[in-house]
Amino acid sequence: MRVFPILTLALGLGLAGCDNAPTGGSDYAAASGLPRATKLRVSTSGESAKTLFGPVQAPSTQAPESFGGYAKGCLAGAEELPETGPTWQAMRLSRNRNWGHPALIDFLERLSAKAARQPGWAGLYIGDLSQPRGGPMSSGHASHQIGLDADIWMLPPSRLDLSAAERENLSSISMRRAGGAYVNAKWTKAHMEIIKAAASDPAVARIFVFPGAKVQMCKDAGADRDWLRKVRPWWGHHYHFHVRLACPAGDRTCVDQAPPPPGDGCKDAEGWVDRILNPPPPDPNAKPTPPKPPITLADMPAQCASVLGAR
Ligand SMILES: [Zn+2]
């Protein structure tokens, strides 16, 4: 199957003109900067890379490797998260986003087994990972591009025999109150225990969750708080939490995000909550941020062209 039109490629070492946003600026979608030597010159039009990666149905038959950053990269040799396992179900199968680096699949198997020990949790309902070859998605998500991000539903699974149709139609539940400043009555100790188990896993770099949940966990954590450092407040993330793994050892062009600042991050989370409850007045001089241009193959690590073109 040919997955994209033949491109005339010329590898340019350090010659590509465009440059990426600096890393480390945002907690979430950072780490897209790449060494210039890995840039690719593509003599075709700057076609949006999501139109190239989005329609591809199967992973490449290459050795597994994550190339680039969480929000600008791709994935070779992806592994499929089985649609149903002993302690999980993949949701929204029609999206075909249950693909990840083998390290991510291993992690999800480990975490779901731990979740299944929580009362009322048969395991985990798992949302989007990555597309079969990673890359920018046709809709949603700036990140999830290199097979190291996963969305995990907040809804406690009562059963793990949902049909494909049920997995399309069932919805997760929101955990937030007051715009995310607080958790609501659906939040349980088990949610914290599962997020704690995820954050305590050495493979994990960061977890994103709405600010009120972080503050609640800061209150309830007690003396054992080191794991809180990896739990970062972010917009959204009240129907699911988002786990991001660190680059697997040996994936040499995978771009890690700068580690979270030292400490438990609880003061920072309180700042988020304050800004939700008392939003600063709009800046009359603020300029609207122009929309980001779509990522093209030329913006991505050179290896992504071969990931796309490989059998
Ligand atoms: Zn996500």
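In listed order, ligands and their atoms are each counted from 1.
- Ser138 and Arg95 share no donor-acceptor pair across their side chains, judged by distance under 3.5 Å alone.
- Screening Leu124, Thr87, Ile152 for a side-chain contact (heavy atoms from CB on, under 4.5 Å) with Leu108, the sole residue that qualifies is Ile152.
- Nearest N/O/S atom of His242 relative to the Zn ion (ligand 1): this is ND1.
- In summary, an N, O or S atom of His144 is located under 2.8 Å from the Zn ion (ligand 1).
- Other residues, nucleotides and ligands place no more than 12 heavy atoms under 6.0 Å from the CZ atom of Arg252.
- Within Asp151, OD1 is the N, O or S atom that lies nearest to the Zn ion (ligand 1).
- Residues forming a side chain to side chain donor-acceptor pair (under 3.5 Å) with Lys219 (at least two apart in sequence, or on another chain): none.
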